[in-house]
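Shown next, in structure tokens, is the structure this report addresses.
Every chain is numbered from 1 and lettered A, B, ... according to where its sequence line falls, protein lines coming before strand lines. Heavy atoms only: backbone and side chains are in, while hydrogens, waters and symmetry mates are out.
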Number of protein chains: 4
Amino acid sequence: MEGNSTVNDGGAGRAAPRKRADARRNERALLDAAAAVFVTSGVEAPVRDIAARAGVGVATIYRHFPTRADLIVAVYRHQVEACAEAGPALLESAASPYDALRRWIDQFVDFLVTKHGLAAVLQSDNAGFDTLHAYFLDRLVPVCSRLLDAAAAAGEIRSDLNALELMRGVGNLCIGADNDPRYDARRMVALLIAGLRPQP
Amino acid sequence: MEGNSTVNDGGAGRAAPRKRADARRNERALLDAAAAVFVTSGVEAPVRDIAARAGVGVATIYRHFPTRADLIVAVYRHQVEACAEAGPALLESAASPYDALRRWIDQFVDFLVTKHGLAAVLQSDNAGFDTLHAYFLDRLVPVCSRLLDAAAAAGEIRSDLNALELMRGVGNLCIGADNDPRYDARRMVALLIAGLRPQP
Amino acid sequence: MEGNSTVNDGGAGRAAPRKRADARRNERALLDAAAAVFVTSGVEAPVRDIAARAGVGVATIYRHFPTRADLIVAVYRHQVEACAEAGPALLESAASPYDALRRWIDQFVDFLVTKHGLAAVLQSDNAGFDTLHAYFLDRLVPVCSRLLDAAAAAGEIRSDLNALELMRGVGNLCIGADNDPRYDARRMVALLIAGLRPQP
Amino acid sequence: MEGNSTVNDGGAGRAAPRKRADARRNERALLDAAAAVFVTSGVEAPVRDIAARAGVGVATIYRHFPTRADLIVAVYRHQVEACAEAGPALLESAASPYDALRRWIDQFVDFLVTKHGLAAVLQSDNAGFDTLHAYFLDRLVPVCSRLLDAAAAAGEIRSDLNALELMRGVGNLCIGADNDPRYDARRMVALLIAGLRPQP
DNA sequence: GATGAATGAGCCTTCATTCAT
DNA sequence: AATGAATGAAGGCTCATTCAT
């Protein structure tokens, strides 16, 4: 929502460490480059490739993002935050809790499907992505959970559902969705969400 | 089920090259070793590890299985065949076409969930796995398609469903299902299958 | 002992460049930090570590001490000067020239043994340490030479001894003396000095 | 004495794993190259340099010598063994135990002085050289100890001497001895050995 | 003057694949 | 046929040194 929440110091931020005329530019270039390279080669892309694309040296990446997970988190922070904030908003504006849930999942899927390889790494059990996983889940699971609860309370869906599991399922369904016209992740997710309905 | 019949000597095996005293033994050792290593380290495990476990030299792997995809296909051929053959059988024995579909999917999921990393590589867009993908789909999509058609004909599920897509969805849902007690792929797949029901 | 008199403003300090309000303070902080880091990580410690410890930027080090050798020299100037000045003093106060020599060597050894890695770098043939070597030798060899001469003149030691060589031998014996309780450099040096005695 | 004791299987060695027509040649090339590079650049020389000089790929080094210490030990094994075996022999052939000790030390010094950088690494407290240190000391300290004991028993030297310490002292004195005509390690060692004599 | 961001060379190590034995 | 030694391309990471602010 508010752009670069982490880097922040946006408006006032007096005490925030200044001196980033170029550093700022580099950080942005790095994020853009990483986003682009991630789309092309996945989030495991060589550090060198990202640096080259950003037009900076490799060490610059390490300075800004000590670990790969830090970089990935930074790259996708915007969307994750936007998604997190969309939950409560939808709950108010949608026709019903179930509808809010459906639309929120749609937004999440839109996000994942357009980021090649992101869904895959989200499921990776590769240690070192722990902080990445933690960030995604910490931020989004509560939101999803609240949507589920509301829909369940309204009797629109079953009540035995687990938000973490659902999110992982949705995430999984998005893997490989770009790049292959024969597979439409949105349709599959729609089936999954339809499956949440109380069974006869 | 039937050894590794498909590996070669397909049906008649007329002019099949002879001389397999030890070659055969090696091939079997290789398959067993690969299966074991795949479970431990995933299907991207170092060639050397597999060779070491099989007690053969690395070059022997390359002789028998020129590409990694060949090896993976060979390793899982049994189960894929078993799964393919189970389709028609279930259609006859199950209470209804939908029930047959459900149980067939269950078997497929059982297979994938117990093979660490297999589901992931099945979705990988990594060129070089093309033959792997082709084999899985060629063999299983028709089976799944027939089950879907039967269930649709019986009015038990929607009729706008695509077997390839469904299989990929199910495969996706199995990614990362081992090794993480917080995620139960079978439950997610059950939701997906439930979503196939005609919507009110 | 006397600040860092040799660093500049040597004797009269006629046209010495002014403006040292903070520059001075930085130089001192740098020397202290370097001394501390040298003890911890040896004289080849990363420039960054020293800068960080001094609370200054790396470039400040380069401004004050263009080469690493310059920094090392500056760090140890005090002790070297003290050692140099102790020679003549000991020659007057000691019981005999040999005793003066022995005690002077003791002081030199005390110095080296307490500076982790200094003895090692003193022997390093690494170009770039030339000025370091030169400084140590220029300053101390004449002193040692005079002590040797006096002892030889008194017939207390052999007369075929070379001060430079002796100092390097003593310096070598001090390498690795810290940090290893199984090796006592002082004892080895004592043997060496004992070996200076006229042989029967 | 018998050349390549570790690689062995020299004469009979039936059960020894064969198949080393070229591997052997490479191992030798590697040892020669390493020895040469060590002389030039010290034992910390880049793996690549050694590989290049040997005319092999880097991985070949890792195959033969998994750690750097393994390589260094292998490179100097010959001389260490020869030195170890020379001890008892000298004790029998020399005019006196002290003379045997002196000549044995001479041999050790000859070895070290001709290997640029070896003496230095022998004193390095760098972890990872532990096995290297262990090898040298395990092999040579007992030999030196016996020579010291014999000389002490004969009343030719003081009896409070420690072999490990003496060897480190001698080793230290050899550091930087090549390459600098102003420093003669042999002369310094001779002083040290002279210092072993019972003091008046 | 001081700062610390950026640079990029350099090193280590792993692994798929080829090839002589 | 089988072997496993050799190869060399990658890729990760560090650190001395320069330079814009």
Side-chain angles (χ1 to χ4, degrees), chain A residues 17-27 29-30 44-52 54-64 66-68 128, chain B residues 19-27 30 44-52 54-64 66-68 128, chain C residues 19-27 30 44-52 54-64 66-68 128, chain D residues 17-27 29-30 44-49 51-52 54-64 66-68:
Chain A
R18 279 325 190 82
K19 190 70 175 308
R20 280 133 148 181
D22 54 337
R24 273 263 205 185
R25 187 169 19 254
N26 270 337
E27 182 156 319
L30 235 18
E44 305 263 35
V47 175
R48 286 232 232 299
D49 291 358
I50 300 168
V56 306
V58 286
T60 301
I61 294 191
Y62 285 98
R63 169 183 293 276
H64 286 278
T67 77
R68 184 178 289 269
Chain B
K19 188 69 174 310
R20 287 124 146 188
D22 54 338
R24 272 260 205 192
R25 189 171 16 255
N26 270 341
E27 185 156 312
L30 236 18
E44 305 264 33
V47 176
R48 283 254 242 291
D49 292 359
I50 301 169
V56 306
V58 286
T60 302
I61 293 189
Y62 284 94
R63 171 179 299 277
H64 286 278
T67 79
R68 184 178 289 267
Chain C
K19 187 70 174 308
R20 285 126 146 184
D22 54 338
R24 272 259 206 194
R25 189 169 19 254
N26 270 341
E27 183 155 315
L30 237 16
E44 305 263 33
V47 176
R48 283 252 242 291
D49 292 359
I50 300 169
V56 304
V58 288
T60 302
I61 294 190
Y62 284 94
R63 170 179 300 276
H64 286 279
T67 77
R68 183 177 288 269
Chain D
R18 278 324 190 82
K19 191 71 175 309
R20 282 133 148 181
D22 54 337
R24 272 261 206 187
R25 188 169 18 254
N26 269 339
E27 181 156 320
L30 236 18
E44 305 262 35
V47 175
R48 287 252 235 292
D49 291 358
V56 305
V58 287
T60 302
I61 294 191
Y62 284 96
R63 169 182 293 275
H64 286 278
T67 78
R68 184 177 288 269

Tell me the closest heavy-atom pair linking D:V47 and D:I61, and the distance in Å. O-CD1, 3.7 Å

Without decimals, in angstroms, what is the distance between D:R63 CZ and E:dT13 C1'? 15 Å

Roughly, in whole Å, what's the span from CG in A:D22 to C1' in E:dT3? 12 Å

Would you name the heavy atoms of A:A29 and A:A54 that are closest together and state the gap between them? O-CB, 3.8 Å

To the nearest Å, give me how far apart CD1 (A:I61) and C1' (E:dA5) are. 14 Å

When the nearest nucleotide of DNA chain E is assigned to D:A45 and to A:A59 on a heavy-atom basis, which residue is associated with the more 5' position? A:A59

Just compare F:dT14, E:dA16, E:dT3 and give me whichever is closest to any side-chain atom of B:R68. E:dA16

In whole angstroms, the gap separating C1' of F:dA9 from CG of A:D49 amounts to 14 Å

Hey, does A:G128 reach any base, or is it just sugar-phosphate, or nothing, if we go heavy atoms under 4.0 Å? nothing

Would you write the dot-bracket representation of DNA chain E, where each base gets (, ), [, ], | or . depending on whether it forms a Watson-Crick or G-U pair under 3.5 Å and with which partner? .||||||||||||||||||||

Nearest-nucleotide check on DNA chain F, D:V56 vs A:E44; residue mapping nearer the 5' end is D:V56

OP1 or OP2 of F:dA6 less than 4.0 angstrom from a side-chain nitrogen or oxygen of D:H64, does that happen here? yes

B:I50 CD1 to F:dG4 P, in whole Å, measures 16 Å

Atom CZ of A:R68 and atom CD1 of A:I50: how far apart are they, to the nearest 0.5 Å? 5.5 Å

When you get a sec, tell me which of F:dA6, F:dT3, E:dT18 is the closest nucleotide to the side chain of B:Y62? E:dT18

Report the residue (B:R48 or C:G57) whose heavy-atom-nearest nucleotide on DNA chain E is the more 5′ of the two. C:G57

What's the closest nucleotide to the B:P46 side chain, out of E:dA9, E:dC15, E:dA2? E:dC15

Taking the side chain of C:N26 as its heavy atoms from C-beta onward, which of E:dA2, E:dA6, F:dC15 lies nearest to it? E:dA2

Nearest to the B:V58 side chain among E:dA6, E:dT3, F:dG4, which nucleotide is it? F:dG4

Send over the distance from B:R24 CZ to F:dA2 C1', rounded to a whole Å. 18 Å

Within this structure, what is the CD-to-P distance between A:E27 and E:dG4, rounded to whole angstrom? 17 Å

Closest listed nucleotide, where the reference is the side chain of D:V47 and the choices are E:dT3, F:dA6, E:dC12: E:dC12

Do any side-chain nitrogens or oxygens of A:T60 fall under 4.0 Å of OP1 or OP2 in E:dA5? no

